[in-house]
Enquirer: 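Quick one: the structure is below, questions incoming.
Here the structure is a predicted model, which is why all the values come from computation and not from measurement. Both counts, for ligands and for their atoms, begin at 1 and track the order of listing. Below, all heavy atoms of this structure are taken into account, side chains as well, without hydrogens, waters or symmetry copies.
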Amino acid sequence: MRLVLVGPPGAGKGTQAARLADTYGIPAISTGDIFRANVKGETELGREAQGYMSRGALVPDEVTNAMVRDRLLHEDVAAGFLLDGYPRNPDQAVELDGMLADNGTALNAVVEITADSDEVTTRLLKRAEIEGRADDTEDVIRKRLAVYAESTAPVTAYYEGQGLLVRVDGIGEVDEVTDRLVDALRAR
Ligand code: ADP
């Protein structure tokens, strides 16, 4: 199972990614988590990414694409993977298609978790109190939502054109949303 999860910041991608990965026995690969781990570990990659992340901007494609290409060479993706947070613009989507074609594979489905921006802003501000993530301030959240609308939303159209897109409502209890996701994927 090779899946991509798309959705606005705060839609619950991370939570649902972990559950889907568990259900299908595949690794969840979050580009945001990889970047954060590198910032924390003060690596070269972390130093490159940090400024963009703290502003809520996308890390440049060359950096992100190379990181994902490298991650997809690991042995644990043989049975599949779930990408969370990548691709985040149409150029990354084209790049991912190329990486998979090079391996003779392709995506099975792209799941979009939908949630309106008032709901996600409320969730992110609440998360800021609990987790203290550096980019969960009101200004940066607004910027991340704007980047989503401008750069990432077109990615769903790209996959819709390929007949891969599955849309799932992200509003409701966590379990309820997981059930919707699994049902929607089974129905394909
Ligand atoms: P969220 O979806 O809640 O905004 P993520 O954890 O997915 O958070 O990403 C956090 C930050 O990491 C992004 O705002 C961006 O700076 C960087 N990032 C993550 N994935 C990508 C990507 N595919 N391309 C460019 N930058 C990325």
Enquirer: Check Met99 against Leu72 and note the closest heavy-atom contact, atom names and distance.
Expert: SD-CD1, 4.1 Å

Enquirer: Gly32 heavy atoms, cut-off 4.0 Å: which ligand 1 atoms fall inside?
Expert: 5 (P), 6 (O), 9 (O), 19 (C)

Enquirer: Could you walk me through whether Val155 and Arg88 pass side chain to side chain contact (heavy atoms under 4.5 Å, CB included), step by step?
Expert: CA-CA 7 Å; Val155 169; Arg88 234 177 173 91; 5.9 Å; no

Enquirer: Between Ala57, Ala17, Gly14, flag the one that comes closest to atom 16 (O) of ligand 1 by a heavy atom.
Expert: Ala57

Enquirer: Hey, is Asp183 close enough to Arg186 for a salt bridge, meaning N to O under 4.0 Å?
Expert: yes

Enquirer: Which protein heavy atom lies closest to atom 26 (N) of ligand 1, and at what distance to 0.1 Å?
Expert: Val59 N, 3.0 Å

Enquirer: Please collect all side-chain hydrogen bond (donor to acceptor under 3.5 Å, both in side chains) contacts where either partner lies in residues 4-22, sequence neighbours excluded, each pair once.
Expert: Gln16-Thr178, Arg19-Asp175, Arg19-Thr178

Enquirer: Got the closest protein heavy atom to atom 20 (N) of ligand 1, with its distance?
Expert: Thr31 OG1, 2.7 Å

Enquirer: How long is the gap from CG on Asp91 to CG on Leu96, to the nearest 0.5 Å?
Expert: 12.5 Å

Enquirer: Looking at atom 24 (N) of ligand 1, what's its closest protein heavy atom, distance included?
Expert: Gln92 NE2, 2.9 Å

Enquirer: Mark the output for Lys143 as yes if a heavy-atom distance to ligand 1 is under 4.0 Å, and as no if none is.
Expert: no

Enquirer: Measure the distance from atom 27 (C) of ligand 1 to every protein heavy atom, then report the residue, atom name and distance (to 0.1 Å) of the closest one.
Expert: Phe35 CE1, 3.7 Å

Enquirer: For ligand 1, which atoms have a heavy atom of Arg36 less than 4.0 angstrom away?
Expert: 6 (O), 10 (C)

Enquirer: Tell me which protein heavy atom sits closest to atom 3 (O) of ligand 1, plus the residue, atom name and distance to 0.1 Å.
Expert: Arg144 NH2, 2.8 Å

Enquirer: If only atom types and distance count, is the side chain of Arg144 paired as donor or acceptor with the main-chain N or O of Asp135 below 3.5 Å?
Expert: yes

Enquirer: Atom 8 (O) of ligand 1: which protein heavy atom is closest, and how many Å away?
Expert: Arg133 NH2, 3.1 Å

Enquirer: Looking at non-hydrogen atoms alone, which of Arg88, Met53, Arg55 comes nearest to atom 1 (P) of ligand 1?
Expert: Arg88

Enquirer: Answer with side chain, backbone, both or neither: which part of Leu58 has a heavy atom less than 4.0 angstrom from an atom of ligand 1?
Expert: both

Enquirer: Considering only the protein, which heavy-atom contact is closest to atom 23 (N) of ligand 1, and what is its distance?
Expert: Gly85 O, 2.8 Å

Enquirer: Using modelled atom types and a 3.5 Å cut-off, is there a donor and acceptor pairing between side-chain atoms of Arg167 and backbone atoms of Glu112?
Expert: no

Enquirer: For ligand 1, is there an N or O atom under 3.5 Å from any N or O atom of Tyr86?
Expert: no

Enquirer: Short question: side chain of Glu119, backbone of Ala115 - any donor-acceptor pair under 3.5 Å?
Expert: no

Enquirer: Can a donor-acceptor pair be found between the side chains of Tyr24 and Asn108 at a distance below 3.5 Å?
Expert: no

Enquirer: In plain terms, say whether Asp136 and Arg123 are close enough for a salt bridge, that is, a side-chain N and a carboxylate O under 4.0 Å apart.
Expert: no

Enquirer: Within a distance under 4.0 Å of any heavy atom of Lys13, pick out the atoms of ligand 1 and give their elements.
Expert: 2 (O)

